2 protein chains.
Amino acid sequence: MSIPTAPPSGFRDFLPAQVAARHAAIETISRVYRSFGFQPVATSAVEDLSILLGKGGGENEKLIFKILKRGESLERAAAEKSELADLGLRFDLTLPLTRYYSRHGSLLSHPFKAFQLGPVWRAERAQKGRYREFTQCDVDIIGSDSWGAEVEVITAIGAVFSALGVDQPSVLLNDRSLIYAMLDQAGVPAGNRVPVCVILDKLDKAGRAKVLSDLSTAVGAAPAQALEAMMMAETPDLAALRAAAPEAVARLELIISALQAGSKHPDRFVLSPSLMRGFDYYTGPVFEFRHPALSGSLGGGGRYDNLTENFGTQHTPACGGSIGFERLMLILEEARKAADSGAPDAVVAVFSDELRGRSLEVAAALRAKGLSVDVYPGAGKLGRQFKYADQKKAGYALVIGPDEAARDVVQVKNLATGDEQAMTVDEVCARIAARA
Amino acid sequence: MSIPTAPPSGFRDFLPAQVAARHAAIETISRVYRSFGFQPVATSAVEDLSILLGKGGGENEKLIFKILKRGESLERAAAEKSELADLGLRFDLTLPLTRYYSRHGSLLSHPFKAFQLGPVWRAERAQKGRYREFTQCDVDIIGSDSWGAEVEVITAIGAVFSALGVDQPSVLLNDRSLIYAMLDQAGVPAGNRVPVCVILDKLDKAGRAKVLSDLSTAVGAAPAQALEAMMMAETPDLAALRAAAPEAVARLELIISALQAGSKHPDRFVLSPSLMRGFDYYTGPVFEFRHPALSGSLGGGGRYDNLTENFGTQHTPACGGSIGFERLMLILEEARKAADSGAPDAVVAVFSDELRGRSLEVAAALRAKGLSVDVYPGAGKLGRQFKYADQKKAGYALVIGPDEAARDVVQVKNLATGDEQAMTVDEVCARIAARA
């Protein structure tokens with residue numbers, strides 16, 4: 001009997017209280033996104049590998065859980081030494097969304113404001129806090145090149161944190177074209193942009209000295225020092241940034257002032273020239289939510305104006321953001337703001353199989369009043385049934401024995417105090433409703 | 001540009017109105033299950049193949065989407081000609097639940113009443129109405145051998161249909177041990193049970209004559225006729241059934257009378273000796289929900305007392321049922337009872353980038369009153385923005401131009417009638433709330 005009972009490495013089971021808390025958070029996120037006019041979309045968990053690998057594949061290829069071909073296709077692939085897999089699990093929600101938009105665009109309103117909540121899968125090494133299956137909560141506007149789109153996306157994500165009672169995070173903002181302009185001005189050759197951005201992206205984790213030394217190794221001391229002055233200063237030199245990329249900085253300033261105008265914490269929106277955001281596909285403004293309780297980000301996003309072109313669709317401007325759901329749940333759990341486990345209001349005991357019908361009637365009457373009521377699935381031994389009611393954290397246990405059935409009453413036991421009292425079903429409803 | 005924009009065969013994208021309808025149904029199911037004291041559980045989408053294949057594998061093996069090993073493990077597997085896959089996508093929610101219970105049982109209440117809603121994946125040939133990714137809505141009671149568990153599971157599923165406004169389906173009931181007793185009595189050798197059950201399971205689709213002929217071929221004419229008399233009669237011969245399996249029939253009669261007592265349609269609970277339910281793992285009562293609008297079942301389940309033994313856990317009685325979510329959505333769509341697409345109450349136009357701030361303020365004020373409000377992501381060209389509001393099926397478009405901003409009012413356009421009127425934000429709230 002060596003069959004494992006744990007889920008595979010990096011995958012998780014959730015206990016009832018955890019499921020209830022996650023579900024409540026998902027509901028709030030969905031409600032807030034809707035309240036901004038974003039519409040829900042859903043795509044399949046599985047995509048053709050050709051889509052997931054995109055043009056060139058590269059880094060993503062290692063992340064993808066690939067699905068083995070089946071039957072004859074697998075035999076043929078093995079014989080011909082061709083690809084063994086044709087499908088894969090999605091590793092984010094943005095790529096499926098651009099495919100979705102390319103396919104269904106004619107049925108959607110324009111610009112299209114979409115939100116998508118769901119699991120994604122990444123074949124990374126599992127670590128504490130990093131899972132191979134995790135939930136993303138994306139919000140996107142496709143078909144608008146206005147900076148109003150960034151304002152809307154960032155405001156909607158901020159409204160989610162407010163609705164969940166999370167301290168409003170800081171929002172760092174930068175622009176991909178400002179980054180490129182700074183690299184140009186520092187004398188970084190265009191061919192070195194990507195490795196230099198990868199080094200700069202590690203500033204938070206690796207620290208200033210390490211990044212400076214890595215930059216020097218990569219592009220030489222003078223460019224490294226120029227980058228340090230422009231990108232790592234305590235307070236950004238706005239005049240220098242404006243000189244490097246006037247349009248990008250003007251756009252960021254418009255976005256920031258619009259966000260500040262609607263916020264109780266205007267100081268939390270900050271132009272941060274060192275903010276990279278990992279993904280290659282960003283083309284304009286990028287942003288990241290930071291919370292003091294976390295070392296990493298609580299969410300982020302940016303503008304990606306070129307992604308739909310992968311699907312042969314005409315150039316379509318787009319921007320979007322995502323909430324780091326697993327990190328959000330950490331914060332909520334630590335703040336004990338997570339929802340309760342959904343304990344039932346009452347457990348109705350079953351005195352005997354003969355009297356089960358009466359217990360079912362009482363339960364149905366209480367449910368009709370909107371209460372959550374559990375009927376003990378067995379019968380007999382009241383001590384065991386009270387223990388079950390305690391385990392379920394129910395407020396009351398209700399017993400209908402032959403005596404109570406004859407008198408048309410219910411014996412009500414308050415499980416917190418131990419008090420017992422006989423009352424009619426209407427009185428039970430009133431009592432439980434009053435407590436809640 | 002040959003990248004496909006369709007999801008893979010058997011997988012689906014959902015348009016906003018479909019997502020909203022599915023989500024609303026899932027919420028109702030979750031609420032109703034909770035109201036019966038069932039607790040939510042969630043398991044990972046991916047399981048070790050050893051668990052999915054169980055003892056022997058067999059039929060399930062073909063259904064499983066297997067996940068290719070990665071990196072060195074794959075190279076080694078290819079070189080050693082060993083298994084190329086180590087993980088697979090779950091094909092139902094029952095097997096993961098029994099694994100979950102075996103692992104986490106000490107943290108759960110007993111008997112454990114669980115519900116689980118989520119996608120499962122089956123590598124079957126895709127057909128109309130049969131998908132490779134679909135949602136299941138399971139409800140289970142683990143750790144009770146009382147027939148009260150069956151009553152609770154069937155009642156909870158029935159309550160879901162009521163809550164969704166679906167005509168109460170019929171419930172067919174049978175018992176696995178009654179089936180075996182009937183086969184014994186008809187003279188079917190024990191080794192032929194499974195193929196005979198497979199033939200009988202096709203009664204609805206293949207029809208009486210075909211089943212009778214297949215049975216004759218399989219076990220001979222006399223047993224086939226005996227089975228026909230016992231299992232396919234218009235009205236079951238209860239005396240004969242009681243003689244064959246007195247305990248099983250007595251249990252079914254208790255379950256049926258308890259269900260009838262709590263129902264407005266007592267005639268819809270029917271002992272049906274030909275009901276098979278496909279899965280091998282059932283050990284006692286089985287049941288199936290039938291709706292006149294569908295040829296197949298709308299849900300079903302049964303008792304499976306042996307499943308946790310797979311995980312080395314002591315013998316644990318269990319029973320559960322599941323709703324066929326995709327079929328349920330078909331019925332809801334046809335009855336036009338599906339939820340609406342979540343159209344926003346209003347779209348706030350953006351007269352110019354300079355005036356965007358005022359539009360954002362108005363939107364925030366309306367959202368604070370609980371309204372769903374969409375701010376146009378761009379600016380300018382009001383005609384285009386009104387068209388957008390129409391596409392989103394919004395009730396109103398709100399415009400704040402320089403004149404309105406100066407007078408601290410909002411121009412409100414009723415998109416159904418075309419009427420326009422200037423009013424204060426408070427008046428807008430009252431107007432929209434009154435309409436809703």
Side-chain angles (χ1 to χ4, degrees), chain A residues 1 3-5 7-8 11-14 16 19-20 34-35 37 39-40 42-46 48 51 65-68 70 84-85 87 99-100 102-103 109 111 123 133 141 144 146 148-149 152 258 261-262 310-312 342 344 350 356-357 360 364 367 372 374-375 377-379 388 391-392, chain B residues 1 3-5 7-8 11-14 16 19-20 34-35 37 39-40 42-44 46 48 50-51 65-68 70 84-85 87 99-100 102-103 109 111 123 133 141 144 146 148-149 152 258 261-262 310-312 342 344 350 356-357 360 364 367 372 374-375 377-379 388 391-392:
Chain A
M1 282 304 181
I3 290 184
T5 61
F11 293 88
R12 287 171 291 170
D13 291 329
F14 295 100
V19 183
R34 274 171 201 272
S35 82
Q39 294 182 301
T43 61
S44 62
V46 169
D48 275 318
I51 288 185
F65 281 112
K66 296 179 182 176
I67 293 173
L68 202 60
R70 294 155 300 284
L84 293 167
L87 303 172
R99 180 189 60 67
Y100 179 97
S102 298
R103 182 170 182 78
S109 48
E133 175 177 59
I141 299 180
S144 170
S146 163
E152 189 78 348
N310 285 346
F311 299 100
V350 177
R356 182 185 307 279
L360 293 171
R367 282 188 204 113
S372 164
D374 193 342
V375 176
Y388 172 81
Q391 283 181 331
K392 295 288 283 268
Chain B
M1 283 302 182
I3 291 184
T5 61
F11 294 87
R12 286 171 291 170
D13 291 328
F14 295 100
V19 184
R34 273 170 201 272
S35 81
Q39 295 182 302
T43 61
S44 62
V46 169
D48 276 317
S50 61
I51 287 184
F65 281 113
K66 296 180 182 176
I67 293 173
L68 201 60
R70 293 157 300 285
L84 294 167
L87 303 172
R99 180 187 60 67
Y100 179 98
S102 298
R103 181 168 183 79
S109 47
E133 174 177 60
I141 299 179
S144 170
S146 163
E152 189 78 347
N310 285 346
F311 298 100
V350 176
R356 183 186 307 279
L360 293 171
R367 282 189 202 114
S372 163
D374 194 341
V375 176
Y388 173 81
Q391 283 180 331
K392 295 288 283 264

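Lettering of chains follows the sequences in order, A, B, ..., and the numbering in each one begins at 1. Predicted model only: the values in this text are computed from it and were never measured.
Only the side chain of B/R70 comes within contact range of chain A, with at least one heavy atom under 4.5 Å from a heavy atom of that chain. Heavy-atom distances place no part of B/A364 under 4.5 Å from chain A, backbone and side chain included. Using a 4.5 Å cut-off between heavy atoms, A/V46 touches chain B through backbone and side chain atoms alike. If you measure heavy-atom distances from B/A42 to chain A, the contacts under 4.5 Å come from both the backbone and the side chain.
How far CD1 of A/I67 is from CD1 of B/I67: 6.0 Å, rounded to the nearest 0.5 Å. Within the model, atoms OG1 of A/T5 and OH of B/Y100 stand 12.5 Å from one another, a figure rounded to the nearest 0.5 Å.
Residue with the most contacts toward chain B among A/L84, A/D374, A/V375: A/D374 (heavy-atom pairs, distance under 4.5 Å). The greatest number of non-hydrogen atom pairs below 4.5 Å with chain B, out of A/P8, A/A261, A/G357, is found for A/P8. With chain A as the partner, the residue from B/R12, B/E133, B/R356 showing the most heavy-atom pairs under 4.5 Å is B/R356. Top candidate by heavy-atom pairs under 4.5 Å with chain A, chosen from B/G262, B/G148, B/A258, B/A123, is B/G148. The residue among A/D13, A/L87, A/T43 with the most heavy atom pairs within less than 4.5 Å of chain B is A/D13. With respect to chain A, the highest number of heavy-atom pairs below 4.5 Å among B/R99, B/Q391, B/E152, B/K66 belongs to B/R99.
Closest of all the heavy-atom pairs between B/S35 and A/R367 is O-NE, 3.0 Å. Across all non-hydrogen atoms, the minimal contact from B/F11 to A/S44 is CB-CB, 3.6 Å. Closest of all the heavy-atom pairs between A/S144 and B/G378 is OG-N, 4.0 Å.
Under the side-chain hydrogen bond (donor to acceptor under 3.5 Å, both in side chains) criterion, A/S109 pairs with no residue, sequence neighbours left out.
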